[in-house]
Trainee: 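For reference, the structure I am asking about is given below.
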Amino acid sequence: MFNTRFCGRQIGIAGLMFISNVANAGAEGNAVAKIVQTPFEVSYQAKLMGTKLTAVSGLQQLETGEFEYHYNTSSMLGKATEMSRFTLADAGRLMPLTYRYKLSAMGVKKRINLAFDWQAGRVSDRAAKPQWSMELPSDAFDPLSMQLQLRSDVMQGETQLTYEVVRNGRIKEYHFDVEAEEIIDTHIGPLRTLRIKRDRGDDSEKFTMIWLAVDWSYLIAKIRDGKVDGGHQEVVLAGGSIDGARITALQQ
């Protein structure tokens with residue numbers, strides 16, 4: 001997510017002394033494990049060019065021990081499917097294994113099929129024409145696994161975050177700042193959230209804001225993406241459950 005991919009864009013989470021480093025790594029590991037080991041299935045709603053768009057997102061652990069995170073959107077304009085399969089590394093970090101994306105909307109078709117080979121230190125796109133392969137940084141993510149790392153880092157109390165993400169045959173840095181706690185309206189009702197801003201640089205004409213639901217394992221509750229001097233699109237949580245519990249509104 002950080003997606004309204006029907007627009008052709010993705011609407012878009014990182015030493016003192018040795019003993020201190022070990023303690024911090026353990027705490028971060030617990031936060032990541034808590035996020036990825038808490039399954040959920042949620043839905044979102046948005047409007048694009050006056051057309052209602054719905055999205056379904058979910059996380060589950062597979063029999064292999066790996067994890068799978070998906071985000072699928074659909075509307076009268078078409079549909080897009082997105083999936084990240086990953087595992088947990090030492091010291092509390094997600095390691096993506098594969099990432100797939102398929103778009104078919106308004107006559108536009110696009111496919112991405114990333115394979116992460118951590119042993120060889122390479123990442124490749126098998127669906128690209130021509131196919132490509134490049135060096136893989138030790139802390140790289142795909143667009144979906146970055147979301148989960150962001151949620152866990154925010155849960156851990158981080159306020160400034162940077163991630164390296166494999167995008168279009170290169171490594172792109174994403175910077176985020178946690179701004180403030182805020183109660184927002186969703187299709188479920190009011191939710192207590194942390195508002196996060198993507199730092200695109202002072203000269204950027206675009207902006208992206210993300211709200212994470214504090215009381216619901218920091219799930220994405222809303223995304224707003226647009227231009228500073230123009231309109232914007234919003235994707236808003238519509239319903240679902242996390243760890244078997246139905247998501248409910250904040251009791252004020």
Trainee: With no hydrogens and no angle check, is any side-chain donor or acceptor of Y44 less than 3.5 Å from a backbone partner on I220?
Mentor: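 Yes; at least one donor-acceptor contact below 3.5 Å.
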
Trainee: Could you check if a side-chain atom of M209 sits within less than 4.5 angstrom of a side-chain atom of E179, using non-hydrogen atoms only?
Mentor: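 M209 reaches E179 side chain to side chain.
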
Trainee: Look at the side chain of T186 and the backbone N and O of G189, then say whether any donor-acceptor pair between them is shorter than 3.5 Å.
Mentor: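 Yes; judged by distance alone, with no hydrogens or angles, the pair exists.
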
Trainee: Using modelled atom types and a 3.5 Å cut-off, is there a donor and acceptor pairing between side-chain atoms of D125 and backbone atoms of I112?
Mentor: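 Judged by distance alone, no pair lies under 3.5 Å.
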
Trainee: Can you confirm whether R122 is buried at CZ, in the sense that more than 12 heavy atoms of other residues, nucleotides or ligands lie under 6.0 Å from that atom?
Mentor: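 For R122, atom CZ is crowded (more than 12 foreign heavy atoms under 6.0 Å).
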
Trainee: Using a distance-only test with no angle check, is there a side-chain donor-acceptor pair under 3.5 angstrom linking H175 and E173?
Mentor: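 Yes.
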
Trainee: Do R224 side-chain atoms and E234 backbone N/O form a donor-acceptor pair below 3.5 Å?
Mentor: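 Not confirmed, R224 side chain does not pair with E234 backbone.
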
Trainee: Among the clusters formed by ILVMFWY side chains lying less than 4.5 Å apart, do Y174 and M95 turn up in the same one?
Mentor: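 Yes, same cluster.
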
Trainee: Measuring only between side-chain heavy atoms, which start at C-beta, is T162 closer than 4.5 Å to D199?
Mentor: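 SC-SC contact between T162 and D199 ruled out.
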
Trainee: Are L144 and I171 connected in a single hydrophobic cluster, I mean Ile/Leu/Val/Met/Phe/Trp/Tyr linked by side-chain heavy atoms less than 4.5 Å apart?
Mentor: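 Yes, one cluster joins them.
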
Trainee: Taking all non-hydrogen atoms of both residues into account, name the closest pair between S145 and L94 and its distance.
Mentor: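 Looking at all heavy atoms of both residues, the closest pair is O-CD2, 3.8 Å.
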
Trainee: Checking T73 against T54 for the side chain to side chain contact (heavy atoms under 4.5 Å, CB included) test, could you report, in this order, the C-alpha distance in whole Å, the side-chain angles of both residues, the deciding distance, and whether it holds?
Mentor: CA-CA 6 Å; T73 56; T54 60; over 6 Å; no

Trainee: Minimum heavy-atom separation for T51 and S75, please, with both atom names.
Mentor: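 Result for this residue pair: CG2-CB, 4.2 Å.
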
Trainee: Run the salt-bridge test on K197 and D177 with the 4.0 Å N-O cut-off and return the result as yes or no.
Mentor: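 Looking at K197 and D177, the cut-off is not met.
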
Trainee: Counting C-beta onward and ignoring hydrogens, is there a side-chain heavy-atom pair between P96 and R85 closer than 4.5 Å?
Mentor: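 P96 vs R85: side chains apart.
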
Trainee: Are Q119 and D117 packed together at the side-chain level, in the sense that at least one heavy-atom pair is separated by less than 4.5 angstrom?
Mentor: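 They are in side-chain contact.
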
Trainee: Quiz question: by atom type and distance under 3.5 Å, do the side chains of K102 and T81 form a donor-acceptor pair?
Mentor: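 No, no side-chain donor-acceptor contact under 3.5 Å.
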
Trainee: May I ask you to decide if L219's main-chain N or O and S217's side chain share a donor-acceptor pair within less than 3.5 Å?
Mentor: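 No; zero donor-acceptor contacts below 3.5 Å.
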
Trainee: On a heavy-atom basis, which atom in L191 and which in A249 lie closest, and how many Å separate them?
Mentor: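 So the two residues come closest at CD2-CA, 4.2 Å.
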
Trainee: Supply the atom-to-atom distance K109 NZ to S104 OG, rounded to the nearest 0.5 angstrom.
Mentor: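 Reported to 0.5 Å precision, the distance equals 3.0 Å.
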
Trainee: Given V32, which of M155, Q149, R93 fulfils the side-chain contact (heavy atoms from CB on, under 4.5 Å) condition?
Mentor: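 With V32 as partner, M155, Q149, R93 yield a single side-chain contact (heavy atoms from CB on, under 4.5 Å), made by Q149.
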
Trainee: State, without any angle test, whether E82 and Y99 hold a side-chain donor-acceptor pair at a distance under 3.5 Å.
Mentor: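 Checked: E82/Y99 side chains pair up, N/O donor to acceptor below 3.5 Å.
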
Trainee: Could you tell me whether E181 and R192 have a side-chain N and a carboxylate O separated by less than 4.0 Å?
Mentor: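 Answer for the salt bridge query: yes.
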
Trainee: For R126, does its backbone N or O pair with a side-chain atom of S124 as donor and acceptor, under 3.5 Å?
Mentor: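 No; zero donor-acceptor contacts below 3.5 Å.
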
Trainee: Charged N to carboxylate O below 4.0 Å: is that the case for E205 and K227?
Mentor: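 No, no charged N to carboxylate O under 4.0 Å.
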
Trainee: Could you walk me through whether E164 and K172 pass the side chain to side chain contact (heavy atoms under 4.5 Å, CB included) test, one step at a time?
Mentor: CA-CA 6 Å; E164 292 187 300; K172 183 174 182 178; over 6 Å; no

Trainee: Please walk me through it: do V178 and L161 pass side chain to side chain contact (heavy atoms under 4.5 Å, CB included)?
Mentor: CA-CA 8 Å; V178 177; L161 310 116; 4.2 Å; yes

Trainee: What is the minimum heavy-atom distance between W118 and A140, and which atoms define it?
Mentor: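 Looking at all heavy atoms of both residues, the closest pair is CH2-O, 3.7 Å.
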
Trainee: Show the nearest heavy-atom pair for residues Y71 and V235, with the distance to one decimal.
Mentor: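 Of all heavy-atom pairs spanning Y71 and V235, the closest is OH-CG1, 3.9 Å.
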
Trainee: Do L88 and Y218 belong together in a cluster built from hydrophobic side chains that touch within less than 4.5 Å?
Mentor: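 L88 clusters together with Y218.
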
Trainee: Got T98 and L114 here, is their nearest side-chain heavy-atom distance under 4.5 Å?
Mentor: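 No, every pair of side-chain atoms sits at 4.5 Å or beyond.
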
Trainee: Taking all heavy atoms of T193 and all of W211, pick out the closest pair and write down the distance.
Mentor: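 Smallest heavy-atom distance, with atoms named: OG1-CD1, 3.2 Å.
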
Trainee: Say whether I183 and I223 are linked into one hydrophobic cluster, either directly or through other cluster members, by side-chain heavy-atom distances under 4.5 angstrom.
Mentor: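 The answer is no; the residues belong to distinct hydrophobic clusters.
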
Trainee: Is the shortest side-chain heavy-atom distance between P39 and L59 below 4.5 Å?
Mentor: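 Side-chain contact under 4.5 Å: no.
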
Trainee: Are any of the side-chain nitrogens in D225 or R200 under 4.0 Å away from the carboxylate oxygens of its partner?
Mentor: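 R200 and D225: salt-bridged.
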
Trainee: Should R100 and H70 count as side-chain neighbours, where that means a heavy-atom distance under 4.5 Å?
Mentor: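 Sidechains of H70 and R100: no contact.
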
Trainee: Under 3.5 Å, is there a donor on one side chain and an acceptor on the other for D142 and S84?
Mentor: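 Short answer, yes.
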
Trainee: Would you call the rings of F86 and F67 parallel, tilted or perpendicular, taking 30° and 60° as the class edges?
Mentor: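 Rings of F86 and F67: parallel, as their planes differ by under 30°.
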
Trainee: Should V236 and I242 be counted in the same cluster of Ile, Leu, Val, Met, Phe, Trp and Tyr side chains packed under 4.5 Å apart?
Mentor: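 Cluster IDs for V236 and I242 differ.
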
